[in-house]
Amino acid sequence: MDTTNNKSANSAGSELSEQIKAVTKDSHIRAENTQLMANFQKGEITLPQYKLLLCSLYEIYQVLEEELDKNSAHPAVEPIYFPQELARIESLERDLEHFFGPQWKQRVIVPAATHRYTERLREIGKNSPNLLVAHTYTRYLGDLSGGQVLGKIAQKTLGLGGTEGVAFFTFPGVTSPHRFKQLYRSRMNSIELTEEECRKVLDEAVRAFEFNIGVFEDLQKMLSITEQAAGGSGREKAPTTTLLTAISRSSVAQFTLGACVALATVGMGIYAF
Ligand code: HEM
């Protein structure tokens, strides 16, 4: 009997939550070890770095959560749709307003990798909502895991009080991250997928990690460039902020401009070297 088209909540023998963790294990190690994340863990993240990271997270969650809302009744989304508990967009808006003031929207700048990530989210939201779970898993379960540690490090390193500037890491609707993750995994496991669909979700999860790694690497490049241009270590807030602000406009134009400035400067840097 051909079972390839049979939908099952347990298609390949082991459950989706176990398979997804196994296939992304190496990618997780790579993500943790990107320079940006490694610095973060060591308490070496600077305020300009942290603000830039929040900008990219804002763009990513804006699209992710829009696509989840649009597809909330889809059978592969409905079981893992937890806007009350998980939605990050309002907390990111609060954090950005805290750092950039009321005009924060004009200050959001992101590298090309963030733009590629959100394009993929839009595409799967439109054409393959089955794959959204790969992205929600990667981001939200990460935020409820290592993200909890990173929030505390950010508070300490940047001297932030209460939830000011770290609302992103705070989940008021989740009493116990550990128990919530268990619930989330069981909901993931209840999604009915054919073997083929399950395989695509697993591939997409690896891709989701790759997108995140790409964002961290691009942010690091942008920061290195601005630090070099400022002629300092990156801990001097003013010149770095000035240059980033200079390439800050709104939306698509700013992505392109930001990417061009970054690439042109990388090119010049390599040439000079
Ligand atoms: C500084 C960087 C990071 C640290 C220290 C870290 C640490 C951890 C730890 C300790 C866990 C296990 C928690 C548990 O078993 O309950 C975990 C799980 C997880 N992390 Fe990370 N992480 C980091 C970065 C990332 C990044 C960048 C992503 C993705 C964008 C990510 C996604 C995940 C996911 C999806 C899980 C859940 C795994 C599962 O239980 O299936 N992590 N992380």
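Numbers here are sequence positions counted from 1. Note: hydrogens, waters and symmetry copies are ignored here, and every other heavy atom, side chains too, is used. All ligand and atom numbering here is 1-based and tracks the order in the structure.
Checked against Ser145 for a side chain to side chain donor-acceptor pair (under 3.5 Å), the options His178, Lys181, His28 give a single hit: Lys181. A ring pair (Phe, Tyr, Trp, His ring centres under 6.0 Å) with Tyr58 is found for one member of Trp104, Phe168, Phe100 and no other, namely Trp104.
Checking Tyr137, Phe40, Tyr140 against atom 41 (O) of ligand 1, the nearest heavy atom belongs to Tyr137.
Less than 4.0 angstrom separates atom 14 (C) of ligand 1 from at least one non-hydrogen atom of the protein.
At least one heavy atom of Phe216 sits closer than 4.0 Å to an atom of ligand 1. A heavy-atom separation below 4.0 Å is found between Lys181 and ligand 1.
Regarding atom 26 (C) of ligand 1, its nearest protein heavy-atom neighbour is Ala31 CB, 4.2 Å. Among all protein heavy atoms, the one lying closest to atom 42 (N) of ligand 1 is His28 NE2, 2.9 Å. Of the protein's non-hydrogen atoms, Glu32 CG, 3.6 Å is the one closest to atom 23 (C) of ligand 1.
Using a cut-off of 4.0 Å between Lys/Arg side-chain N and Asp/Glu carboxylate O, Glu18 and Arg185 are scored as not salt-bridged. With respect to the salt-bridge test (charged N to carboxylate O, under 4.0 angstrom), the residues Lys200 and Glu196 qualify.
For NZ of Lys70, the number of neighbouring non-hydrogen atoms (other residues, nucleotides, ligands) closer than 6.0 Å is greater than 12.
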